[in-house]
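These notes concern the structure reproduced below.
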Protein chains: 2
Amino acid sequence: MDSGNSGGARPPRTRRKMQRVTMSDVAKAAAVSPSTVSLFLRKPSAVSERIASRVQRSIDELGYVPNYVAGGLAAAGSKVVSVIVPSLRNAFFSETVAELERLLARGGLQTLVGHTEYSLDQEEALVRAALSWAPAAVVLTGCRHNAATRKLLLRSNTPVVEMWELGGQVIDQAVGFSHEQVGRHIARRFIDQGYESAAFIGARLDEDFRAAQRSEGFLAEMQEAGITARLVENSAPASTSNGVRLFEEVCMNPVRAIACSNDTLALGVLFEAQRRDLSIPTELALAGFGDLDFAAQMVPPLTTVRPAADKIARKVAECILRPQAETDRQNSPFPTEHDTGFTLVPRASG
Amino acid sequence: MDSGNSGGARPPRTRRKMQRVTMSDVAKAAAVSPSTVSLFLRKPSAVSERIASRVQRSIDELGYVPNYVAGGLAAAGSKVVSVIVPSLRNAFFSETVAELERLLARGGLQTLVGHTEYSLDQEEALVRAALSWAPAAVVLTGCRHNAATRKLLLRSNTPVVEMWELGGQVIDQAVGFSHEQVGRHIARRFIDQGYESAAFIGARLDEDFRAAQRSEGFLAEMQEAGITARLVENSAPASTSNGVRLFEEVCMNPVRAIACSNDTLALGVLFEAQRRDLSIPTELALAGFGDLDFAAQMVPPLTTVRPAADKIARKVAECILRPQAETDRQNSPFPTEHDTGFTLVPRASG
DNA sequence: TTGTACGCGTTATCAA
DNA sequence: TTGATAACGCGTACAA
């Protein structure tokens, strides 16, 4: 957006855009050629010590900062990884993004984040934008995407990692676990403890496919055991206050055990139960998902499921940093799944 | 644990390096010149309808995705904004990042995130990396940076916005509020309620300067009122479990009122108090900072301070999207501060 | 070990 | 309205 410097006779001010210090500036200052500087930057050992120190000094003096944009263009492939998650407000994802950012940075890669607010169309837009950076890889959340997104990704030939979910139609690589199994495990625990009525509390199940799968697993396992279990949900975000709200709804028709689509909701249930003088687990068993930091501190501590969040991040980073040998990819162009598993953490709440 | 996929019918990547579809490919297909395509992309109205539709069709058919890297090079200034926060695990910052990402995306800008883990040196590294993208702006958290960071930024002539804090030596623009005032407000409340002993519970105060300022404000106001108040801190991250730990320490020498450096810690205090059968607020008054979602749901609800998080994000985005009149940032190099204020939210806990 | 020359995919300028 | 052409800053053969 260059406001046209209408060519009046007036001498424009000194420098409207202080020229960026470029590699050749450094080269000039160090009395070497640009490519020597470039070489020094990428492989310092390949340059004689004398020149190296001269170049380094010029870099410092001029305050040179390499231009990745130009570098990326020349090298045909930028140093960005685009990470797309449903929401950064969700602790799982902010945690994963943080860890990924850290790990990828070590490999010299920068992280571009996007969040879809659980919209597949928004995801498509973000993928499109991401691909515009010729990214080293694209990391997506889950295996559900719209057709356009999938096509875009496939055509681009960019490495793609789908995380936090397994079981769908994988594009390239997937790292995660089965949420249906999570639901079943929790149900199984309730069943083994002999509860005869239960509910699954879920937020945003229409958009949060993984939470939906947990609910389905839970309900299915319950049904197979012949136990009455119902689903109570709404489309508000998963939050403590929403947990309160959903629990109030459950209370209109009480049950003995409640599984929440995540710990944050469970926290709300706990508070509301306290307010109603409902004793946990005596009168009501409670389970969550996530094992967020507060879960173990709750009174009583919350039974929940711990996903291997850090393992997911590490595995994703690994997929990106150490791509499979090219030959492997050619020979086995089939998508790969990495199961990171999860752990049921039994505590006093149910 | 790699389980091969049950082989969907999907064209595997046979070719390793499928050539990227470029603008001239589109141009060729549409039988126009590349510059026309470029023009069409940036200003569709400047192209005749006939050509426009032809170009659009070729774009769709070829699945063309523009290359921002090349674009950024040519235009000398990329469409990225680098946002650097201390931690994404902290709800304030993940929230702010999320909101910023959303707002900036509307302006066609992409968000590059970095997190420093509260290290100024790490921040410097991130700023250096950020500048490598010739970003449209850099967003930093707080006003405390090391000399190198400051110099880097100043030299680069890049718009800089420092958020979530006011009062330091501003580089360019600052959006936030005074944390010392926050501390004082909370203290004032305790004082007015007549408590005669108090403690400030703080996590990571050596690195989290804003939390430290809150503690200082709190202690200063208390002292000025002639009330005994002590500081209990450690260098672990602010979490519920750390809140429990710090509170246990306080309990070795009980006080009547506790201010926490944030709500997450306060949650831990609440749980531990429940465990010890300490009644809030009767036996112990409690206050937090942040007004996170669960604060209002706690039993009893938490007295806290609500920062105008969304206002901060909006203001930051505005600074970036609507930069000050070009008319010489150079001539009026005076940094600007925007005070977004905060609100003390009195609830039953203290 | 160092330098030269060219190209990466786009934007911007200006001429047609 | 459209199209040549010259940057943009750097990587990378290849040559010296």
Side-chain angles (χ1 to χ4, degrees), chain A residues 1-7 16-55 58-59 62 64-79 108 131-135 156, chain B residues 17 19-55 58-59 62-80 108 131-136 156:
Chain A
M1 195 178 296
D2 202 45
S3 54
N5 45 353
S6 36
R16 75 190 313 288
K17 183 155 74 172
M18 185 160 72
Q19 205 46 328
R20 189 185 174 97
V21 178
T22 114
M23 209 156 89
S24 20
D25 293 331
V26 175
K28 231 165 284 171
V32 297
S33 90
S35 52
T36 303
V37 178
S38 172
L39 186 57
F40 167 74
L41 252 23
R42 279 170 300 112
K43 199 160 177 287
S45 63
V47 154
S48 75
E49 194 139 314
R50 279 205 13 224
I51 295 223
S53 69
R54 244 165 52 205
V55 171
S58 313
I59 287 180
L62 296 177
Y64 168 72
V65 175
N67 186 333
Y68 287 176
V69 179
L73 221 207
S78 74
K79 293 286 190 197
L131 290 179
S132 298
W133 288 101
S156 77
Chain B
K17 190 163 66 169
Q19 206 49 317
R20 189 187 174 97
V21 178
T22 106
M23 208 156 86
S24 18
D25 293 331
V26 175
K28 232 165 284 172
V32 296
S33 87
S35 26
T36 303
V37 177
S38 173
L39 186 58
F40 166 75
L41 253 22
R42 280 169 300 116
K43 200 160 176 288
S45 62
V47 153
S48 76
E49 197 139 309
R50 278 200 12 198
I51 295 219
S53 69
R54 244 163 53 204
V55 170
S58 313
I59 287 180
L62 297 177
Y64 169 73
V65 175
N67 186 334
Y68 287 175
V69 180
L73 218 209
S78 71
K79 292 284 189 201
V80 231
L131 290 178
S132 298
W133 287 102
S156 76

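Numbers restart at 1 for each chain; the letters A, B, ... are given by sequence-line order, proteins then strands.
- For B/S38, whose side chain is taken as the heavy atoms from C-beta onward, the closest listed nucleotide among C/dT2, C/dT11, D/dG11 is C/dT11.
- The phosphate of D/dG9 (OP1 or OP2) has no side-chain N or O of A/Y64 nearer than 4.0 angstrom.
- Between the CZ atom of B/F40 and the P atom of D/dT2 there is a distance of 11 Å, given to the nearest Å.
- Rounding to whole angstrom units, CG of residue B/N67 and P of D/dC8 are separated by 19 Å.
- Put simply, NZ on B/K28 is 12 Å from C1' on C/dG9, counting in whole angstrom units.
- Considering only the side chain of A/A70, D/dG9 comes nearest among D/dG9, C/dT4, D/dT1.
- Ranking D/dG11, C/dG9, C/dT2 by closeness to the A/A74 side chain, first place goes to D/dG11.
- Here D/dC10 presents its P atom at 14 Å from CG of B/L131, a figure rounded to the nearest Å.
- Within the structure, a side-chain polar atom (N or O) of B/R42 is placed less than 4.0 Å from OP1 or OP2 of C/dA12.
- Donor-acceptor pairing under 3.5 Å, judged by distance alone, is present between the side chain of A/S35 and the base of C/dT4.
- A/K43 has its NZ atom 12 Å from the P atom of C/dT2, to the nearest Å.
- When each of B/V32 and A/L73 is assigned the nucleotide of DNA chain D with its nearest heavy atom, B/V32 is the one assigned upstream, toward the 5' end.
- Counting only distance, with no hydrogens or angles, the side chain of A/S78 and the backbone of A/A134 share a donor-acceptor pair below 3.5 Å.
- Looking at every heavy atom in both residues, B/D25 comes nearest to B/R20 through OD2-O, 3.7 Å.
- Atom-to-atom distance recorded for B/W133:CH2 and A/N67:CG is 9.0 Å, nearest 0.5 angstrom.
- Side chains of A/L41 and A/I59 form a contact here, defined as non-hydrogen atoms less than 4.5 Å apart.
- We find that OH of B/Y68 is positioned 12 Å from P of C/dT10, with the value rounded to whole Å.
- Counting only heavy atoms from C-beta on, B/S48 has its side chain closest to D/dT1 among C/dT10, D/dT1, D/dG9.
- Taking atom CZ on B/R54 and atom P on D/dT1, their separation rounds to 15 Å, with Å as the unit.
- Considering only side-chain N and O atoms, B/S33 lies nowhere under 4.0 angstrom from the phosphate OP1 or OP2 of D/dA4.
- Residue A/M23 is classed as a sugar-phosphate contact, given heavy-atom separations below 4.0 Å to backbone atoms only.
- For B/R50, no side-chain nitrogen or oxygen approaches OP1 or OP2 of D/dT1 to under 4.0 Å.
- Counting any heavy atom pair closer than 4.0 Å across all strands shown, B/I51 reaches sugar-phosphate atoms only and no base atom.
- Taken from CG in A/L131 to OH in B/Y68, the straight-line distance is 10.5 Å, to the nearest 0.5 Å.
- Regarding B/L41, its CG atom lies at a distance of 10 Å from the C1' atom of C/dT10, rounded to whole Å.
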